[in-house]
Undergrad: 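Would you mind keeping the following structure in view while I ask a few things?
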2 protein chains.
Amino acid sequence: MSRPTQYQRDTALEAAMQVFWQKGYHATSLKDLEAALEMKPGSIYAAFSNKENLYLLSLDRYFDRSLTRFQALMDDAPSALAGLADHLRGFAKMPPQDHARQVCMLTKTLVDTTNTDPEIAARTKAYLERIREAFTAAFERAKAEGELPPDADCARLARRFQASISAIRFELHLGTDPEDITALAEDFAREIEALRQDT
Amino acid sequence: MSRPTQYQRDTALEAAMQVFWQKGYHATSLKDLEAALEMKPGSIYAAFSNKENLYLLSLDRYFDRSLTRFQALMDDAPSALAGLADHLRGFAKMPPQDHARQVCMLTKTLVDTTNTDPEIAARTKAYLERIREAFTAAFERAKAEGELPPDADCARLARRFQASISAIRFELHLGTDPEDITALAEDFAREIEALRQDT
DNA sequence: TGGGTTCTTGAGTGATTGATCAAATAATAT
DNA sequence: ATATTATTTGATCAATCACTCAAGAACCCA
């Protein structure tokens, strides 16, 4: 056996991401990883160096996927504000058994590691910022398309938008009644739509 | 030495709450607790049974304090909505070195323990609910005092209010620029004030 | 001062942590 | 088929985990 087999590595990373996302960095043990990746300790270390590095790779994966999905949604959206509102409603619409029905992995990571693992926290912070920049860009697009007034503070709106997502996802994490979550998402989505100026 | 010395126990619990709040349940080791409480392992176990129990006691303490402070603020408020808006602005106004400049301990606990320690998570969920109930009651008071229209959905407003707090505190946790945090809190506070109907 | 009780001490418990590596296995090259 | 290289294996490592307990210190009342 000589090929690194990209597919196998990808599958393993996906599994690692899932366990880490579920249990968090500190609560995930090597035993957990061995079970999830179906790999013995030696193989894990040969492939991913150590636990922290594996976590960082999982974070990369999560970040790439999140950003890509958002961009895809925005590309298909009839208007920037419509896309943003849709993004919020999308979280509430996730099927009940969806593994993503929980708090954002970046948020969770920061809560978990800010005061204990500076390296992980720093990278995560950077990722959260880049996602917020994507939100800012989306609001800028809304402005360019005349949906928002020229004096709208896009960075400020982006921060609020990110906060709305965190709030919805935290409720998903809690297992709050789907109706209540839909109501919350609806509130936030309408706030976005209410920004639209008549043209 | 025969007295349990309520004062000493209280001091120890306060210290425990602080470490746990800072590092989280899983990342806090007994060594950390020994250092923080200035107690040897034997004494800790004699006084608090075990780590989980000590954590639960810390949670109790945190919850009691949070609720009490909110109630005190509401009692002094000129009106219910004013008190609620003030509560939001208060987080942004916390001094830079304040140890409470971080995510809510209940939120952190749920992120940290939902998929690993059901007992802790359950109690924490109950506490968060009770706090939200206090928020609901505050909105009800606003309604009774004519600040809100009779058909206002107080439970829904309370959930959004709680979400706003989480968002602000998460930014505190991240160490976001104080100006940006003030702006975010201001946005949320004005949303509350905008609910006021003219009487 | 002395006897009795309570509380504190910290070395030590077994279990588990993240991590290692020589040996075994599998794949390719010859 | 054989030699060479690449990969996987799992027993094992030291360190740390949450936790215990026999021994000593600190207190009380006599």
Side-chain angles (χ1 to χ4, degrees), chain A residues 1-59 109 112-113 115-121 123, chain B residues 1-59 109 112-113 115-121 123:
Chain A
M1 217 194 280
S2 62
R3 69 246 136 122
T5 52
Q6 184 58 36
Y7 169 77
Q8 283 175 25
R9 190 182 164 84
D10 219 57
T11 308
L13 259 179
E14 175 67 24
M17 192 193 84
Q18 293 296 343
V19 211
F20 276 137
W21 190 7
Q22 289 291 330
K23 310 187 87 174
Y25 181 66
H26 292 110
T28 303
S29 71
L30 257 254
K31 274 248 167 78
D32 294 327
L33 291 168
E34 287 170 42
L37 313 203
E38 294 178 77
M39 290 169 82
K40 308 294 160 186
S43 307
I44 296 180
Y45 280 83
F48 306 110
S49 301
N50 55 44
K51 184 184 167 187
E52 177 168 333
N53 188 246
L54 180 53
Y55 194 84
L56 290 171
L57 292 173
S58 301
L59 269 184
T109 301
D112 204 38
T113 65
N115 298 314
T116 53
D117 309 78
E119 191 152 348
I120 296 180
R123 192 188 295 204
Chain B
M1 217 193 278
S2 60
R3 67 251 138 116
T5 51
Q6 185 58 38
Y7 169 76
Q8 282 176 25
R9 189 182 166 84
D10 220 56
T11 308
L13 259 179
E14 176 68 24
M17 192 193 83
Q18 294 296 344
V19 212
F20 277 137
W21 190 6
Q22 290 290 332
K23 309 188 89 176
Y25 181 65
H26 291 111
T28 303
S29 71
L30 259 243
K31 276 248 167 78
D32 295 326
L33 290 169
E34 287 170 41
L37 312 203
E38 294 178 79
M39 288 169 83
K40 308 294 161 188
S43 305
I44 296 179
Y45 280 81
F48 306 110
S49 302
N50 54 44
K51 184 184 166 187
E52 177 168 332
N53 189 246
L54 180 52
Y55 194 83
L56 290 172
L57 291 172
S58 301
L59 269 183
T109 301
D112 204 37
T113 65
N115 298 314
T116 53
D117 309 78
E119 192 152 348
I120 296 179
R123 192 188 296 205

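Residue numbering restarts at 1 for every chain, and letters A, B, ... go by the order of the sequence lines.
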Undergrad: Looking at D/dT20, I'd like to know if its phosphate oxygens (OP1 or OP2) sit under 4.0 Å from a side-chain N or O belonging to B/Y45.
TA: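 B/Y45 to D/dT20 OP1/OP2: no side-chain N or O under 4.0 Å.
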
Undergrad: Report the nucleotide, chosen from C/dT17, D/dT20, C/dT8, that has the shortest atom-to-atom distance to any side-chain atom of B/S43.
TA: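 Closest of the options to the side chain of B/S43: C/dT8.
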
Undergrad: Counting the atoms with a prime plus P, OP1 and OP2 as sugar-phosphate, which does B/S29 contact under 4.0 Å by heavy atoms, base, sugar-phosphate, or nothing?
TA: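 B/S29: backbone/sugar contact only, no base atoms under 4.0 Å.
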
Undergrad: Side-chain N or O of A/K40 versus OP1/OP2 of D/dT8: is the shortest distance under 4.0 Å?
TA: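 No, A/K40 has no side-chain N/O under 4.0 Å of OP1/OP2 on D/dT8.
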
Undergrad: Measure the distance from CD on B/E34 to P on C/dT9 and round it to the nearest whole Å.
TA: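 My rounded result for the distance is 11 Å.
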
Undergrad: In this structure, how many angstroms lie between the P atom of D/dT16 and the NZ atom of B/K23, rounded?
TA: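 Those two atoms, NZ and P, are 13 Å apart.
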
Undergrad: What integer distance in Å separates A/I44:CD1 from C/dT17:C1'?
TA: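 Answer to the nearest Å: 14 Å.
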
Undergrad: Judged by atom type as modelled, is there a donor-acceptor pair below 3.5 Å linking the side chain of B/K51 to the main-chain atoms of B/Y25?
TA: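 Pair found, side chain donor or acceptor close to backbone of B/Y25.
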
Undergrad: Using every non-hydrogen atom in the two residues, find where A/Q22 and B/N115 come nearest and quote the distance to one decimal.
TA: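 Minimum heavy-atom contact is O-ND2, 2.7 Å.
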
Undergrad: Verify, without hydrogens or angle tests, whether A/N53 (side chain) and A/N50 (backbone) share a donor-acceptor contact under 3.5 angstrom.
TA: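 Pair absent, no side-chain N/O of A/N53 close to backbone of A/N50.
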
Undergrad: Tell me the interatomic distance from B/D32, atom CG, to D/dA18, atom C1', rounded to whole angstroms.
TA: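 In whole Å, D/dA18 C1' lies 13 Å from B/D32 CG.
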
Undergrad: Using heavy-atom distances to pick each residue's nearest nucleotide on DNA chain C, tell me which of B/P41 and A/Y25 is more 5'.
TA: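 So the residue in question is B/P41.
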
Undergrad: Using atom types as modelled and distance alone, determine if a side-chain donor or acceptor of B/T113 lies under 3.5 Å from a backbone N or O of B/T116.
TA: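 The answer is no, because no donor-acceptor pair under 3.5 Å joins these two groups.
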
Undergrad: Looking only at the side chain of A/Q8 (C-beta and beyond, no hydrogens), which of the listed nucleotides D/dT8, C/dG10, D/dC17 gets closest?
TA: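 Of all the options, the side chain of A/Q8 is nearest to D/dT8.
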
Undergrad: What's the NZ-P distance between A/K31 and C/dA19, to the nearest Å?
TA: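 Value for this atom pair: 15 Å.
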
Undergrad: Rounded to the Å, how far apart are B/F48 CZ and D/dT20 C1'?
TA: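 After rounding, the gap between these two atoms is 18 Å.
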
Undergrad: In whole Å, I'd like the distance from the CG atom of B/L54 to the C1' atom of D/dC19.
TA: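 About 13 Å, once rounded to whole Å.
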
Undergrad: Would you mind telling me which of C/dG10, D/dC19, C/dA19 lies closest to the side-chain atoms of A/L30?
TA: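 The answer is C/dA19, which lies nearest to the side chain.
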
Undergrad: Which part of the nucleic acid does B/T28 contact within heavy-atom distance under 4.0 Å: base, sugar-phosphate only, or nothing?
TA: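 Sugar-phosphate only.
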
Undergrad: Give the nucleotide from the list D/dA18, C/dA19, D/dC17 with an atom nearest to the side chain of A/K51.
TA: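 My answer, after comparing the listed nucleotides, is C/dA19.
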
Undergrad: Rounded to whole angstrom units, what separation is found between the CE atom of A/M39 and the P atom of D/dT9?
TA: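 Taking CE of A/M39 and P of D/dT9, I get 8 Å after rounding.
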
Undergrad: Take B/F20 and B/L54 through the test side-chain contact (heavy atoms from CB on, under 4.5 Å) and record every step on the way to the result.
TA: CA-CA 10 Å; B/F20 277 137; B/L54 180 52; 3.9 Å; yes

